[in-house]
Structure formats: C-alpha cells, structure tokens
Amino acid sequence: MSVSMKDLDPAFRGAGQKDGLEIWRIESFKPVAVPASSYGKFYMGDSYIILKTTALRNGSFRHDLHYWLGKDTSQDEAGTAAILTVELDAALGGRAVQYREVQGNETEKLLSYFRPCIMPQPGGVATGFNHVEVNEQEHVTRLYVCRGKHVVHVKEVPFARSTLNHDDIFILDTKSKIFQFNGSNSCIQERAKALEVVQYIKDTFHEGKCDIAAVEDGRLMADAEAGEFWATFGGFAPLPRKTSSEQTGQDMDAVVKLLCFNQGTLEPIGFESLVHELLEPNKCYLLDCGAEMYVWMGRGTSLQQRKGASEAAEKMLFDGSRTKSHVMKVIEGYETIMFKSKFSEWPATPDLKLSSEDGRGKVAALLKSQGLDVKGLMKSAPVKEESESYIDCTGHLQVWRVNGNKKTLLSSTEQSKIYTGDCYIFQYTYTGEDKEECLIGTWFGKKSIEEERASAISQASKMVQAAKFQATMARLYEGKEPIQFFVMFQSLQVFKGGLSSGYKSFIAESGLDDDSYSEAGLALFRIQGSGSENMQAIQVDAVASSLNSSYCYILHDGNSVFTWIGNNTTSVDHDLVERQLDAIKSELPSRSQKEGRETDKFWELLGGKSKYSNKKIEREQESDPHLFSCILSKDGNLKVKEIHHFTQDDLVAEDVFVLDCHSYLFVWFGQEVDAKVKTQAMDIGEKFIASDFLMENLSRETTIFTVSEGSEPSFFTRFFTSWDPAKSLMRGSSYQRRLSILKGGARPLLDKPKRRTPAVSGRALAQDKSQRSRSMSTSPECHRLRGRSPAFAALTSTFEKPSTRNLSTPPPAIKKLFPKSTGPETSKQTAISELTSSLEGPLRSAIPKHLRDKAIQEDAGGEDEAEDDEGRTIYPYERVTTTSEDPAPDIDITKREIYLSTSEFREKFSMARAAFYRLPKWKQNKLKTALQLF
C-alpha cells in the first residue's frame, strides 16, 4: 500500500509506540488528543478514535483501532472518524483491526478498556451542541438498564414504571439512594456485574456518599427497601412483558453476503461455499453477516481504496437504518478469529512480518526526520522467556505406577525413574503463599496404552474429589511437560520400555520386542535441564544420529561408561551430566568424550558415525494468555466466549473458564459450579483443545491443569495483573459477595485453614519439614558422590548434618556465651538466623566429583566438648542449627547467630547472602518482605 507521509495528521504522530490507550476526539473534522484524565468520558454528540496498543511476548505490538459514534453525532463526523481511522492504521503499518462502535451497542472489546462501563454524557463539540455542566445542587433521578455477564452495556431509559421488566436489571439513581432492581429472569452473573455499575455511580456522581439497596423482583411492599423503590414510581403494579423493540439484538437478514468494492460501488459476489479463494489481494470486500459486517482489505490495495470501502460501508449502514451493526475492518494476513470462522476453511496465515515492519519503518523514518522520538515504533522490547516455576521445590512428592486398574506406590529412591511405556500418578504438596498447596496429576509415557491412561485419569480424579477439589489436577504427556513437573522431581530419569502389567501384556500380545532399559545393556541418555533443581536424563536410541551438539550424553554398555560433551554445551550442562551419572551408573568410572575427539570404542558402541543435529530441541513456549468463558451443553458441545483484557473479577463463582497459554491451559471452576460439572473439568479442557478456537493448532497432548476457586496456585495467578487471595476465599454467589462488600465492606470468608492438608486415600499428604529432603543424592550404597554446583559448596557445608558433610574444612565452633546475651545487632543477627534456616532444606545435597577428588577430610563433629581460655564451652555449629538431632543445652537456637564471634558472624552472613541471590526471584522477594533486610 502506498502511503503519503506528508498527509499524516500531526495529532497521530508518535502514536502506538507503547502499551496502553490513546484517544482522540473529532473536532471540526480533525483529531484532537484527549488527556488521559478524561479517558472513559464520552459525549453523545461527539465521535472518538480509540487506539489500544498491546505489547506481545514476542516483542511486537498489536493494535486495535475503534471509532466510537455518539447517538447525536452527524453522518459527516462519523465518516470523518472512519477515514481518519484508516489513515492511522496506515501510519501503524497497515495491520490493525478496526472496529466501528455505536453508542449503546459497543463491542465487548471496547467496553473491556473502560470497566465497569461507559456512561456517555449529553453534549458535544459539534455545531448545536454544548457540553452540559452538572449542577451539583440539583440531582436528576435517572433510570438505567444493564445487560451483560462479562462486560456491562448501560443505557439510560425513561424513568417510568412501564420501562421495567422481568428479564433485565435496572439501576435507579436517586439523590440519597441507589437501587438495583433484579428482574426475576435475570442471571446471577448479570446481577453481580450490575453492582459494579452501582459502585461506579456512587463514586462518580455521589462522591461515595449514598446508600445502596437491592430490590428483588416479586418482593412487593412487604420489604422495606422494595417499598421505598416502588414508592418512587407511585406504587407497585404488575410489570409488562418485554416488547420486541426492546430486545438487545436486531432482526437482521441471516444470509451471508459478499460484496466487492469496485470503483466506488459495491458489487455482489455469488458463491456456493464461502472460501478464502474468493478474496483477491488487490481488492476490498464487504462481508455482510447481518448483526455484524466485515470490511476485508487486500495487501495490494491503496489507501484510497481502503478509504472508499470504509465510506461505502458507512453509507450502506445509514441507508439501511442499520446504525447499530458492528463493523470490523481487517487487513489481509491479520484477520480476526471471528472473521476466519465465517469461511468453510482458512489456510495457514503466511509470514507477513517483513511487509508490515517495512510500513512501520517508513513512518519511523518520517517521524525521526521531524525530530520526534521513534524509539519503540519498530518493535517493543522482547519479553524474556519465563524460566521460573512458581512452585516451591522443597515439597513432598509421592509417585504411583499405574498397573491396570490399580496403582503401586514407588519408593523415594525409585520414584524419579519412570518408563516411557507406563503411566504414573503423582502427588506433590508444598508451601504456597499462605497455605499448603497440593498438585495431583498424571504422566503418560509416549508408548503407554490407552487403558492405563484412562485408569490413571480416573484414579487421579478420585484423589482430587477426596481432597474436596482443593487440589490442582494436571494431565501431562511425555515431551510436553511444564517446568513445574521437572522442578517437583528435580532429578528425573526417563527409561525406554515399561514395567506395568498393561504394557507387558501389550508387548506379549503384539509380538514386539521388549526394549525396556537394562542396567547391563547398551543405553544412551540425553542430559537436559537448567540446574540442580531441574535436570533430566532421557533415554534415546543408541545410535550416532541421536547425538546433538547442544547437549551432553551418557553412554553405557556393561562395564563401559562414557560421557559425551557437545561443542555447544555450557558449564551448567557439564555439571548436570556429572550429577546424572550418580543416578544411572554411580559405581563405575566414566570416560569423557569431547565432540570431535571421540575414541573408536565410543563410535563402535553407537554402530558407527552418522550425521546429527547441532540445534537445541525447541519446546513449545507459552504465548500471550487468553481467557474464555465455557459452557458445556447437555448434548456435550462446548460453547466458548473470549473475555478481553481479563482481571480476577472476571472469574465468577458460577462459571467455568479456560485460560489458554498455548503450551498449556488451565480450566478454572468457581465454588458455585455444580459438582457434576467440576468432575468434567478435564473433559472441558480436552474439548477446548479439540475445538481449537484460536486456530493455533493446539496439540491434543497439550498440558491441562484444573484449578478450583480458592485453591489457585501461583503458576496460575501470575497471569493476572493483580491477585487478591481474599476474594477467592469468600462464600456465596458472586452477587452476594459483591453486594456484601458494597453495602458494608465486609467479606464473608470461607472457613478454610491457612495450612490445609487434603486427605487422600487415607495417606498423609505432608511430612514433617525436617523429613522433606529434596536432595538428588542417590542411595547410601552409591560410591560416587556428587551434588549441587560448586558455588553452593561452602554454604552446604555449613547447613548439612555431620553424617552428610563432605567438605574438607571442619564446621565452625560456637562459643557458649550467656543464654540471654544481647547486643546492638541482635535483631539483625536474628534475621540472618531465620534466613539461613530457610536455606537449610534446599541446600542438602552431595558434592560434585571434581570437588570431592580435591580433598575430603573427617568431620570435626563428634569430638569431646572443648573449652576456650575463659572456660566457656565450645560447640560445633551443627548443634545450634534448628534441625540439630543433638542440640546444645541452654542455648536459644532461634537466636543462634548472637553466639558467633565477629569473624564467624561475617563468614555466615557472607555465605547466606551468596545463597540468597541464587534463589528464584519470587523466593527472594518473599524473604525480603519477611526479613526487611536487603
């Protein structure tokens, strides 16, 4: 598209460079910027242009353009707004979606920008209109009708009893009190949303000083508030039925029509089936679907063609008295999901990044030549990939292998060894923000059988039900696991074959060779992960083509063990391969093979040399999240509706929602959802994947989490701008909750303990903190001794018990002073004590071999107690730790740091501080808040 930069209106220069809203009002057929303080304030006689810029995770910008037309705006002003919107789109690179918005019939996307509602005021800047100033001394009683479950359409209606009906919700705004009248046929969700409008009216027009009353349809005069409400209308009388003219929609021709804009006229296009091939890239088309209309503009069209098509659409609406129709304008290659869904099929969208960036580049060059800041116009700063798990890695893990219709609990030494032919159930309890969290899930190996997959889901679902749905449930497939799964195991080995009865029966019946892993046989493992709390050994085919220069490998055959180091690997990868040797072949020495310098024996075991990849295996990354309201009909069909610019308040207690992050999705259900529907949460997730509403080619193996209201884990709540746990712990319907807050500010909370431990299958879900060792060390018989990275070695030696200490330096001695001695830095020392205590659990692990080989000396613990020159007893540091099995007498171990000498205190402080900065960000912030130290 050819764009004349000299015609770019000065008001639009620099627009769309950052995330957020920008608004212009049409004054004398020119756009004038609206100050941010006036955003959301619209006048009935004006037209506006609204630009919503969204910074995406991939670093690019998405633009949504709306032009809003007040009910008293002129046709000429409306046409000007439409044309200027096309010009602004051209300045942004020609890929924005444009929406025509009419007062009282706005799209839900526009309303989501201005929550809770848009309430246009009388007046305007056009000839014959003036902005009306509110007379604070006089209050005009007004009646509004509210419609919508997710966003609210508010319309002022005549203040008369005949206006009321049984289907809608009305708000009566009087001088001293605001009434909400709930029609008997209205739903709970609409009533709750209307209360947000009540709060808005109270704050905006009453300065927060007025009473609130809720009136239920049918409560006549017996109710005091109902009597007061009906008295304003002159008394009660039966309500009329809703007339056809009052319906929210319009009776429009449902026949889909396609028209081509050609030389100023619209020509009908005949078709038997609406297919993509009907659209030519050098033309503009109008797709008329009745209640909504689309203007499609090909990439090869000029700016004048696009303006002409927009004017033709406006004229068609005015001439046909269809002023309330929604009009969306889309550019080829950037069509909306709703537009694509109108066609019988839609091909994959080609990569148009170059052309769009080229258009933005021209605009950027023009603005820069005029001395304007164009930083960010080309592209926003890329969002870094999120590597945090948002789950505590020191929790308690239990794993069961599924055998037919039963499950077998695995020992702590065997639960990290899983097989690709089996299905597993896991249960992980950990400390959340303010309560114990529980995650119950299933893991399906790539070669597991369908019968055992169904059995695993059934048994896991019963465990969740036994926990009264207070546990999060997960369905995972091999190769699609989220980071939370790996963090739970920390060190995980995935072997070929299977041990379950179902898998062995399948192999026997099919006559296939059983390739299950054998310690004495030939096996090759790819080592992957990001650190000691996230590392895996995945068995792959023992052939050279399985190698990859971006990974390290372990190869063994009988008594021969090799490690292979790819040229693209890092020191972290080298450390991980050392650790995984402990779990796979700890009793045998290994021979290191550098890529390009392998021995003949190594290639012989792999069957000879072969080509292999050098690129990292890419896992699906999470995308920008989308929230959908979902209803499962009686016939099993799933109805979905997207919630734009969602917040926590959109999650209402009566509904089910799906949060789609592409690589995984969450199914959230409220407390008021029927128990039967709660048990179908996993089915809803599977149906959502099958429907592929966003046309993103979701894999049927996409991870699904089911989440209950009040039990949301941090890895779910992080997708919301803000999250208040107290909201999800309230009881009652969404309407009752909001009404109680609005009328009295009280929040009726559920009777839930802060630390909950759901009872599942009669087994305790959590162990004592002192027993929750999440070390990756193997059994005591393991001869090879490895552990966490060298950076943690010094601090590990401080916090480990004498029986697990492996460093050469002895533990520091602690002088027994006076039990209640204090000093000026006692409070600081106490904080350090709490910090080091919190780090003891995560730092219990063995030491890597290359450190062990340097020097391992006998522990200093266990010796007879010694005394200093002043006759004071000296104890080993282990005897004053919070987890000491033999605590020193007469010492307050919760304030143990005050017994340290100055040099010893500095040493402990330095080590604790170093460990602190190696914790995940969320854990650092939690400790900072608690200790107020850094």
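The shortest side-chain heavy-atom distance between Phe669 and Ser708 falls under the 4.5 Å cut-off. Within the 4.5 Å cutoff, side-chain heavy atoms of Gln427 are placed close to those of Trp400. Between Phe562 and Lys601 there is a side-chain heavy-atom pair separated by less than 4.5 Å. With a 4.5 Å cut-off on side-chain heavy atoms, Glu696 and Ile337 do not count as touching. Between Phe646 and Phe657 the shortest side-chain heavy-atom distance does not fall below 4.5 Å. In this structure, the side chains of Phe693 and Asp660 stay at 4.5 Å or more apart for every pair of heavy atoms. When side chains are defined from C-beta on, Tyr664 does not count as touching Lys480, because their heavy atoms never get closer than 4.5 Å. Using a 4.5 Å cut-off on side-chain heavy atoms (C-beta onward), Thr599 and Gln593 make contact.
Side chain of Gln490 to main chain of Cys393: a donor-acceptor pair is present (N/O by atom type, distance under 3.5 Å, no hydrogens or angles). In this structure a side-chain-to-backbone donor-acceptor pair under 3.5 Å is missing from Lys407 to Ala460. In this structure a side-chain-to-backbone donor-acceptor pair under 3.5 Å is missing from Thr706 to Val667. Looking at Tyr553, its side chain does come within 3.5 Å of a backbone N or O of Asn548 through a donor-acceptor pair. Between the side chain of Ser546 and the main chain of Ala542, no donor-acceptor pair closer than 3.5 Å is present. Put simply, the side chain of Gln465 never gets that close to the backbone of Met463: no donor and acceptor are under 3.5 Å apart. A donor-acceptor pair is defined here as one N or O able to donate and one able to accept, closer than 3.5 Å; such a pair exists between the side chain of Glu452 and the backbone of Gly502. Panel note: side chain Gln539, backbone Val494; no donor-acceptor pair is recorded below 3.5 Å. His556 places a side-chain N or O within 3.5 Å of a backbone atom of Gly521 that can act as its donor or acceptor partner. Proximity of a side-chain donor or acceptor of Ser545 to a complementary backbone N or O of Ser610 within less than 3.5 Å is not detected.
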Exercise for the section: Would you check, one step at a time, whether the test side-chain hydrogen bond (donor to acceptor under 3.5 Å, both in side chains) holds for Thr420 with Glu478? Expected result: CA-CA 8 Å; Thr420 191; Glu478 180 183 355; 2.5 Å; yes

Problem - Check against side-chain hydrogen bond (donor to acceptor under 3.5 Å, both in side chains), Gln536 and Gln528 - result: CA-CA 5 Å; Gln536 304 88 46; Gln528 62 187 37; 3.2 Å; yes

Practice task
For the pair Ile689 and Ile704, evaluate side-chain contact (heavy atoms from CB on, under 4.5 Å) and give the outcome as yes or no after the intermediate values.
Solution key: CA-CA 9 Å; Ile689 291 175; Ile704 300 175; 3.7 Å; yes

Handout entry: Test log, rule side-chain contact (heavy atoms from CB on, under 4.5 Å), inputs Ile631 and Val656
Key = CA-CA 7 Å; Ile631 299 176; Val656 177; over 6 Å; no

Problem - side-chain contact (heavy atoms from CB on, under 4.5 Å) between Leu606 and Leu555, intermediate numbers included - result: CA-CA 9 Å; Leu606 292 178; Leu555 174 67; 4.0 Å; yes

Problem - Stepwise side-chain hydrogen bond (donor to acceptor under 3.5 Å, both in side chains) check, Ser500 with Arg401 - result: CA-CA 7 Å; Ser500 69; Arg401 179 183 295 112; over 6 Å; no

Exercise for the section: Quick one: do Thr703 and Ser663 satisfy side-chain contact (heavy atoms from CB on, under 4.5 Å)? Show the steps, please. Expected result: CA-CA 7 Å; Thr703 294; Ser663 58; over 6 Å; no

Handout entry: Residues Ser455, Gln459; criterion side-chain hydrogen bond (donor to acceptor under 3.5 Å, both in side chains); working and verdict
Key = CA-CA 6 Å; Ser455 174; Gln459 294 184 70; 2.9 Å; yes

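Residue Phe506 qualifies as open at atom CZ: its count of foreign heavy atoms under 6.0 Å is 12 or below. Other residues, nucleotides and ligands contribute only 12 or fewer heavy atoms inside 6.0 Å of the CG atom of Asn559. The local environment of CG in Asn405 is sparse, with at most 12 non-hydrogen atoms from other residues, nucleotides or ligands closer than 6.0 Å. Dense packing is recorded around NZ of Lys504, with more than 12 heavy atoms of other residues, nucleotides or ligands lying under 6.0 Å away.
A cation-pi contact, defined as under 6.0 Å to the ring centre and within 45° of the axis, links Lys616 to Tyr551.
Taking all atoms of both residues into account, the shortest heavy-atom contact from Ile565 to Cys552 is CD1-SG, 3.7 Å. Lys678 and Gly670 get closest at one heavy-atom pair: CE-O, 3.6 Å. Considering every non-hydrogen atom in both His662 and Ser623, the closest pair reads CB-OG, 3.2 Å. Across Ser590 and Leu581, no two heavy atoms sit closer than the pair OG-CD1, 3.6 Å. When all heavy atoms of Ala471 and Val464 are compared, the closest pair comes out as O-CG1, 3.9 Å. Closest heavy-atom contact between Gln415 and Gln398: OE1-CA, 3.9 Å.
Between Tyr424 and Trp443, the two ring planes are tilted [angle within 30° to 60°].
Going from atom CZ of Phe715 over to atom CD of Glu437 covers 8.0 Å, rounded to the nearest 0.5 Å. From Ile440, atom CD1 reaches atom NZ of Lys462 across 14.0 Å, with rounding to the nearest 0.5 Å. Summarising the geometry, atom CG belonging to Leu659 is positioned 8.5 Å from atom CG belonging to Leu665; distances are rounded to the nearest 0.5 Å. Rounding to the nearest 0.5 Å places CG of Asn534 at 9.5 Å from CG of Leu492. One finds the CG atom of Asp541 at 8.5 Å from the CG atom of Leu524 (value rounded to the nearest 0.5 Å). Here CD1 of Ile449 is found 7.5 Å from OG of Ser501. Values are rounded to the nearest 0.5 Å.
Using a 4.0 Å cut-off between a side-chain N of Lys or Arg and a carboxylate O of Asp or Glu, Glu595 and Arg597 do not qualify as a salt bridge. A salt bridge links Arg475 with Glu686: the closest approach of a Lys/Arg side-chain nitrogen to an acidic carboxylate oxygen falls below 4.0 angstrom. Note on Glu519 versus Lys417: no salt bridge recorded, every NZ/NE/NH1/NH2 to OD/OE distance being 4.0 Å or above.
The distance between the ring centers of His626 and Phe688 does not fall below 6.0 angstrom. Remark: aromatic rings of Trp564 and Tyr612 are close, center separation under 6.0 Å. Note: Phe426 and Phe485 meet the aromatic proximity criterion, with ring centroids under 6.0 Å apart. Taking the ring centroids of Tyr503 and Tyr419, they lie at or beyond the 6.0 Å cut-off. Remark: aromatic rings of Phe525 and Tyr517 are close, center separation under 6.0 Å.
Lys447 pairs with exactly one of Asp515, Asp422, Asp514 by the salt bridge (Lys or Arg N to Asp or Glu O under 4.0 Å) rule, that one being Asp515.
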